[in-house]
Amino acid sequence: MVLTGRAALAALICLLPILFAPWPATAFAALLAVLLAVIAADVVMAASPRRLRLQRSGDVSARLGQPVDAVLTVENTNRRRFNGLIRDAWAPSAAAEPRVHPVNIAAGQQVRVVTTLRPVRRGDQVSALVTARSIGPLGLAGRQGSHRVPGRVRILPPFLSRKHLPARLAKLRELEGNTPVLIRGQGTEFDSLREYVIGDDVRSIDWRATARRADVVVRTWRPERDQRVVIVLDTGRTSAGRVGVDPTAADPGGWPRLDWSIDAALLLAALAARAGDHVDFLAHDRTTRAAVFNAARTELLALLVEAIAPLESALVESDARTMVAAVQRRVRRRALVVLLTELNASALDEGLMTVLPQLCSRHQVLLAAVADPRVDQLAAGRSDAAQVYDAAAAERARNERRSIAARLRRMGVDVVDAPPEDLAPALADHYLALKAAGRL
């Protein structure tokens with residue numbers, strides 16, 4: 001049983017005469033008994049919340065930053081009208097609105113209540129209990145009950161870097177020779193012969209064909225297709241740090257490194273698939289959290305987004321040895337292995353640096369990391385003593401980062417170290433440069 005504000009007001013009205021008039025205690029008891037009897041009758045006449053039939057519908061997925069409607073169909077199987085409130089409860093991170101829905105449902109009828117979710121983080125949003133409160137005809141009291149109506153909405157990565165895809169596809173078409181340019185990218189597959197134009201590399205001149213014709217002829221090349229690109233996402237503790245800003249929030253507080261890496265992985269996967277390469281994906285810390293292997297190019301992005309959406313950073317140290325073993329176990333032929341991790345000297349020295357030679361001996365390795373722009377801001381501070389100390393610490397962190405990147409390059413690992421918003425396009429550009437140089 002639940003009491004409404006009307007019941008409290010009625011009780012107060014009953015108490016006022018007792019407080020200001022010399023009534024006997026028996027009169028007060030009688031008045032209170034009448035009020036309780038009226039409240040009990042109101043509860044009895046209220047429709048039972050247990051006899052509501054609830055069913056979910058609506059969208060089951062949405063991109064982060066987009067609102068999504070959770071639709072609940074409420075059918076009244078009582079013999080009397082149901083008048084009251086329905087609350088469809090979700091996790092706080094779902095930012096569900098409105099909090100409650102007033103309903104008035106005739107016997108045997110049904111209504112649809114719509115709760116709008118504006119999630120603030122990626123992943124699965126799971127509904128909690130649906131609570132129904134039925135108010136009696138007098139409005140003094142009623143009944144309340146809860147139902148378990150399972151509901152789940154998968155919030156997908158926003159893929160903000162997709163705005164960079166058209167420009168990178170244009171560069172890819174230039175490499176493949178679909179768009180006329182003065183300088184063609186050098187690959188490993190012979191494409192065709194054409195007349196020499198100013199700006200062509202003289203090393204591409206085909207002297208045999210030139211001797212048979214009156215014009216100078218050059219060979220054209222196109223990047224190899226059907227190469228394998230393996231994207232490895234580190235979901236260990238270093239991926240949990242927040243950097244940059246949160247572009248999907250009204251009050252930006254920074255995305256985790258994991259989300260920036262995910263955004264870069266999606267752009268690279270979309271570009272590589274359009275380039276004709278086979279793309280595989282692996283998310284790993286101590287164990288494999290998600291994997292997409294041997295997916296068709298037309299299905300790759302959908303499968304990748306679905307696998308990535310529920311990923312969260314694990315607050316454990318990543319096991320580089322098992323990660324490399326997982327890559328080598330699944331990828332036999334030479335491939336471009338893209339490691340999305342953090343340039344943390346201590347973490348790399350204890351883990352990845354010990355197994356990188358083994359990985360580099362069989363594959364082309366590219367390491368991409370998110371740089372914290374706040375470090376550069378701190379390094380520029382000189383206004384007072386505190387800022388000078390912060391600047392010294394920031395400069396030391398930058399030097400350590402440059403040192404570990406230099407060590408990686410000496411081992412034959414390509415390194416892309418860029419601020420959060422620039423990581424995805426920088427990684428895509430480096431991939432295109434590798435294609436143009438014939439290193440894939």
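Keep in mind the model is a prediction, meaning the values are calculated, not measured.
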- [ ] Report, as yes or no, whether the 6.0 Å neighbourhood of atom CZ on R162 holds more than 12 heavy atoms from other residues, nucleotides or ligands.
- [x] yes

TODO: Might you confirm whether atom CZ of R53 has over 12 heavy atoms from other residues, nucleotides or ligands at distances under 6.0 Å?
DONE: no

Open item on the list: If we ignore hydrogens and angles and just use 3.5 Å, is the side chain of R87 paired with the main-chain N or O of V100 as donor and acceptor?
Closed with: no

Open item on the list: Between E174 and K171 (salt bridge meaning N to carboxylate O under 4.0 Å), is one present in this structure?
Closed with: no

- [ ] Evaluate whether atom CZ of R286 has more than 12 neighbouring non-hydrogen atoms of other residues, nucleotides or ligands under 6.0 angstrom away.
- [x] yes

Task: Backbone N/O of D263 and side chain of S161: donor-acceptor pair under 3.5 Å - done: yes

Open item on the list: Tell me whether E400 is salt-bridged to R407, with the criterion being a basic N under 4.0 Å from an acidic carboxylate O.
Closed with: no

Open item on the list: If you count heavy atoms of other groups shown closer than 6.0 angstrom to CZ of F293, is the number above 12?
Closed with: yes

Open item on the list: Please tell me whether S318 and D234 have a donor and an acceptor in their side chains that are separated by less than 3.5 angstrom.
Closed with: yes

Task: Option among I105, V103, D88 that satisfies the side-chain contact (heavy atoms from CB on, under 4.5 Å) test with V74 - done: I105

Task: N/O donor-acceptor pair under 3.5 Å between R50 side chain and S146 backbone - done: yes

Task: Sole residue of L303, V230, I231, V229 in side-chain contact (heavy atoms from CB on, under 4.5 Å) with F281 - done: I231

Open item on the list: Pair D376, R398 - check salt bridge (charged side-chain N to carboxylate O under 4.0 Å, His left out), show working.
Closed with: CA-CA 8 Å; D376 293 334; R398 291 200 302 188; 2.9 Å; yes

TODO: Answer yes or no: does atom CZ of R330 have more than 12 heavy-atom neighbours from other residues, nucleotides or ligands under 6.0 Å?
DONE: yes

- [ ] Measure from the side-chain N and O atoms of N76 to the backbone N and O of N78, and report whether any donor-acceptor pair falls under 3.5 Å.
- [x] yes

Open item on the list: We want to know whether N104 and R81 form a side-chain donor-acceptor pair, criterion being a heavy-atom distance below 3.5 angstrom.
Closed with: yes

- [ ] Would you confirm whether W260, through its side chain, and V243, through its main-chain N or O, come within 3.5 Å as a donor-acceptor pair?
- [x] yes

- [ ] Please check if atom CZ in R112 has more than 12 non-hydrogen atoms from other residues, nucleotides or ligands closer than 6.0 Å.
- [x] no

Open item on the list: Strictly distance-based, threshold 3.5 Å: is any side-chain N or O of D124 a donor or acceptor partner for the main-chain N or O of P310?
Closed with: no

Open item on the list: Tell me if a side-chain donor or acceptor on S239 pairs with a main-chain N or O of S313 at a distance below 3.5 Å.
Closed with: no

- [ ] Step by step, work out the salt bridge (charged side-chain N to carboxylate O under 4.0 Å, His left out) result for D372 and R401.
- [x] CA-CA 11 Å; D372 190 347; R401 198 175 184 91; over 6 Å; no

Open item on the list: Using a 6.0 Å cut-off, check whether atom CD of Q55 has over 12 heavy atoms from anything other than its own residue.
Closed with: no

